[in-house]
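Read the numbers this way: they start at 1 and go in the same order the structure lists the ligands and their atoms.
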Amino acid sequence: PTKLFYIGPMFRYDRPQAGRYRQFHQFGVEALGVEGPNIDAEIILLAVQILQTLGLKDLKLKVNSVGCPKCRPLHREKLQEYFRPHLGEMCKDCQSRFDRNPLRLLDCKNPHDQELAAGAPSLEECLCEECKAHFEGLKELLTAAGVDYVVDHNLVRGLDYYTKTAFEIQYAPLGAQSAVCGGGRYDGLIEEIGGPATPGIGFAMGMERVLLAIESQNLLPQFDNSIDVFVVCPGSANFTLAFKETIALRREGLKVEFDFLGRSMKAQMKQANRLAAKYVLILGEDEVARGCAVLRNMSTSEQTEIPIQDITSILKTEVQSHE
Ligand SMILES: [Zn+2]
Ligand SMILES: [Zn+2]
């Protein structure tokens, strides 16, 4: 078995709508080489868990089986049997689709045809033994894992390589655009594109959709844009020292800025304020000559002189205790 993931920008030529862009970002998980429903359950659990970890609570998991090339023809036949006596009263579209693709009769928008479609035989009744056992196995595992789900027979896939498990996770507060994750099994895909017959299952999550969901619940983390230290270096004499200390502090994981333009002390202090620096380290010529620097705590305005060789260790401790 091989487990893979991907993450990155994708492109589509659909009409944009809320949370749907022509360039969007998606991540996905795929597992290849396992036939049984155990991997289906694991993949579904992973998707649910990712969304729960982000703090989303009103998740609705829908599962279905879309059958396989063995049982789908039987469903087609049953559909044709069911619709045949009514064909004369149905719309032109349905009449023309009857032979080619009777499945499409199920989503006709004509009210009369819709009423008729509601009573049509479902794919579930036609599942072969293998598909039935697979679906039962999946439901058993989801129940064992304590995951709530609903079976939705309208959850179908348009392409032939999709088989058995199909699922979707909806986030109800998003309304019409509530699907945040879709996935399922595609046992026919790898063979169709020229590889050896290999079962596979996976899901994809649109990141903009997920962000919309997180944002709608005010769950976006607060970003702290302030910096830890601003290094003030009046005059160019100690520029190399300022640069060296800045780099050393950054290597310790601190957020550090300094003045690149050789501006006046006043201008540098102003910039430190603008960047909301927690500390300012002043490398004044007199202090440096004595082997010292001035450390200013910007919230208390307290100033202390510290030895240059202790700058990194002192600031590291200060910044940590500040948080
Ligand atoms: Zn089947
Ligand atoms: Zn119709």
Side-chain angles (χ1 to χ4, degrees), residues 1 30-44 61-143 149-168 182-193 195-203:
E30 316 290 339
L32 305 174
V34 184
E35 264 176 29
N38 46 7
I39 194 79
D40 303 28
E42 183 172 301
I43 290 281
I44 292 173
L61 168 64
K62 292 175 164 186
V63 295
N64 192 24
S65 176
V66 298
C68 73
K70 272 181 281 170
C71 47
R72 281 194 292 246
L74 179 67
H75 185 223
R76 270 178 71 112
E77 263 171 47
K78 287 223 169 157
L79 282 177
Q80 284 174 328
E81 247 169 61
Y82 173 83
F83 284 114
R84 189 170 286 117
H86 307 284
L87 208 52
E89 29 176 305
M90 295 182 77
C91 76
K92 290 225 150 45
D93 282 342
C94 283
Q95 290 177 2
S96 75
R97 285 167 182 159
F98 177 78
D99 284 312
R100 249 182 315 125
N101 194 354
L103 262 181
R104 294 292 306 278
L105 273 58
L106 295 176
D107 46 46
C108 178
K109 298 284 173 277
N110 179 305
H112 168 268
D113 298 0
Q114 259 178 359
E115 219 169 282
L116 210 55
S122 75
L123 176 59
E124 198 190 22
E125 302 164 29
C126 309
L127 289 182
C128 67
E129 285 309 310
E130 192 189 316
C131 287
K132 212 181 283 174
H134 191 100
F135 196 37
E136 289 310 313
L138 171 68
K139 289 188 279 187
E140 189 182 319
L141 291 167
L142 290 177
T143 305
Y149 64 87
V150 290
V151 174
D152 180 356
H153 295 306
N154 294 320
L155 188 61
V156 289
R157 301 279 179 243
L159 296 161
D160 272 350
Y161 57 73
Y162 286 114
T163 54
K164 295 172 181 157
T165 306
F167 71 95
E168 188 175 278
R185 189 165 269 281
Y186 45 83
D187 290 349
L189 174 64
I190 294 186
E191 201 174 11
E192 197 176 304
I193 58 174
T198 310
I201 178 162
F203 68 74

Separation between CD1 (Ile44) and CD1 (Ile201), nearest 0.5 Å, reads 5.5 Å
Cys131 SG to Glu136 CD distance, which is reported to the nearest 0.5 Å: 12.0 Å
Quick check: does any side chain N or O of Arg185 sit under 3.5 Å from a backbone N or O of Val66, one acting as donor and the other as acceptor? no
Quick one: does any side-chain atom of Asn64 pair with a main-chain N or O of Leu155 as donor and acceptor, under 3.5 Å? yes
Under 2.8 Å from the Zn ion (ligand 1), protein N/O/S atoms total 4
Would the number of heavy atoms belonging to other residues, nucleotides or ligands and lying under 6.0 Å from CD of Gln114 be above 12? yes
Glu30, CD: over 12 other non-hydrogen atoms inside 6.0 angstrom: yes
Can you run down the salt bridge (Lys or Arg N to Asp or Glu O under 4.0 Å) pairs that involve residues 103-117, sequence neighbours left out, and say none if there aren't any? Arg104-Asp107
Show me the pairs that pass salt bridge (Lys or Arg N to Asp or Glu O under 4.0 Å) and involve residues 118-127, at least two apart or across chains. none
Ring of Tyr82, cation from Lys78 - is the NZ or CZ under 6.0 Å from the centre and inside 45° of the axis? no
The Zn ion (ligand 2) neighbourhood, protein N/O/S only, threshold under 2.8 Å: Cys91 SG, Cys94 SG, Cys108 SG, Asp113 OD2
